[in-house]
Amino acid sequence: MSITPALFDVQARPGEARAITIQVINDEAEPVRIYPTIQKFIPLGTNGQQQFLPPDDVAGIPTWTFVDGADRWLQPQEKQNVTIQLRIPETAPTGGAYEAVFFSTVAPTVGE
């Protein structure tokens, strides 16, 4: 599976909303079902390193992020646009928040 763009930087203030469209491509010869998950991280160093926080740490930015369509099927070589919506509440603290949206062919297990 390929995703483009692989990285994006979104800037928004409390009360604002942003939509980001990415393209997911099934590079395989078989249909695949993909499942999105969201996980917060803390940036480390100056070379793009990060420390992912536990998946059950969903306070803040994961609750403001919505992946349109959730899980979906992609046929071989199919490309689909996926919209990720970020809705910052008025009560959001100032400062940066970081998360990754992962796409997997394995269904997430509750609590993982």
Side-chain angles (χ1 to χ4, degrees):
M1 171 179 3
S2 301
I3 298 174
T4 183
L7 176 67
F8 48 88
D9 180 10
V10 178
Q11 296 187 18
R13 291 187 163 85
E16 292 184 336
R18 296 282 187 270
I20 302 99
T21 300
I22 62 171
Q23 189 172 73
V24 180
I25 305 159
N26 178 4
D27 297 327
E28 303 298 323
E30 300 293 327
V32 295
R33 187 172 185 176
I34 60 170
Y35 302 88
T37 57
I38 300 167
Q39 190 168 359
K40 294 191 316 188
F41 68 88
I42 299 168
L44 300 174
T46 57
N47 294 320
Q49 305 95 327
Q50 65 277 339
Q51 174 188 349
F52 283 97
L53 300 177
D56 61 351
D57 183 351
V58 295
I61 194 166
T63 63
W64 313 334
T65 305
F66 305 89
V67 180
D68 285 354
D71 63 289
R72 61 185 66 219
W73 281 96
L74 278 84
Q75 297 302 314
Q77 306 307 311
E78 182 181 5
K79 301 174 183 178
Q80 285 189 20
N81 288 336
V82 176
T83 300
I84 300 170
Q85 305 227 2
L86 185 61
R87 299 179 199 136
I88 312 297
E90 292 282 346
T91 58
T94 57
Y98 303 88
E99 70 182 349
V101 178
F102 294 106
F103 290 89
S104 174
T105 57
V106 177
T109 303
V110 176
E112 288 187 6

Inset, instruction - Not counting sequence neighbours, which residues clear side-chain hydrogen bond (donor to acceptor under 3.5 Å, both in side chains) with Ser2? List them please. - result: Asp27
Legend entry - Results of side-chain hydrogen bond (donor to acceptor under 3.5 Å, both in side chains) for Glu99 - residues two or more places apart only: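 Checked Glu99 against side-chain hydrogen bond (donor to acceptor under 3.5 Å, both in side chains); matches are Thr65.
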List the atom of [X], the atom of [Y], and the distance in Å for their closest heavy-atom pair.
X      : Y      : answer
Ser104 : Val106 : OG-N, 3.0 Å
Asn81  : Arg72  : O-NH1, 3.7 Å
Pro14  : Ala92  : CG-O, 3.6 Å
Pro76  : Glu30  : CG-C, 3.7 Å
Val82  : Val24  : CG2-CG2, 3.8 Å
Gln39  : Pro54  : NE2-C, 4.3 Å

Inset, instruction - Enumerate the residue pairs fulfilling ring pair (Phe, Tyr, Trp, His ring centres under 6.0 Å) with a member in residues 17-47, sequence neighbours excluded, ordered by first and then second residue. - result: Phe41-Phe52, Phe41-Tyr98
Measuring from atom [atom1] of [X] to atom [atom2] of [Y], what distance do you get when rounded to the nearest 0.5 angstrom?
X     : Y     : atom1 : atom2 : value
Ile20 : Asp9  : CD1   : CG    : 10.0 Å
Phe8  : Ile84 : CZ    : CD1   : 4.0 Å
Gln49 : Asn47 : CD    : CG    : 5.0 Å
Ile34 : Asn26 : CD1   : CG    : 8.5 Å
Ile25 : Leu74 : CD1   : CG    : 9.5 Å
Ile88 : Gln11 : CD1   : CD    : 11.5 Å

Answer yes or no: is there a side-chain heavy-atom contact under 4.5 Å between [X] and [Y]?
X     : Y     : result
Pro5  : Ile22 : yes
Leu86 : Ile61 : yes
Pro31 : Gln75 : yes

Inset, instruction - Check the surroundings of atom CD in Gln77: do more than 12 heavy atoms from other residues, nucleotides or ligands lie under 6.0 Å from it? - result: yes
Inset, instruction - Tell me, yes or no, whether the heavy-atom count around Leu44 atom CG, taken from other residues, nucleotides or ligands under 6.0 Å, exceeds 12. - result: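 Enclosed.
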Inset, instruction - With sequence neighbours left out, write down each residue that passes salt bridge (charged side-chain N to carboxylate O under 4.0 Å, His left out) with Asp71, or none if nothing qualifies. - result: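 For Asp71 the salt bridge (charged side-chain N to carboxylate O under 4.0 Å, His left out) partners, ignoring immediate neighbours, are Arg33.
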Legend entry - Those residues that, when tested against Glu16, pass salt bridge (charged side-chain N to carboxylate O under 4.0 Å, His left out) (two or more places apart):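 Here the qualifying residues are Arg18.
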Legend entry - Inter- and intrachain pairs under salt bridge (Lys or Arg N to Asp or Glu O under 4.0 Å), touching residues 73-82, at least two apart: none
Inset, instruction - Could you state whether Val10 and Val101 fall into the same hydrophobic cluster, counting links through intermediate Ile, Leu, Val, Met, Phe, Trp or Tyr residues with side-chain heavy atoms under 4.5 angstrom apart? - result: yes
Inset, instruction - Quick one: do Val32 and Met1 satisfy side-chain contact (heavy atoms from CB on, under 4.5 Å)? Show the steps, please. - result: CA-CA 9 Å; Val32 295; Met1 171 179 3; 5.7 Å; no
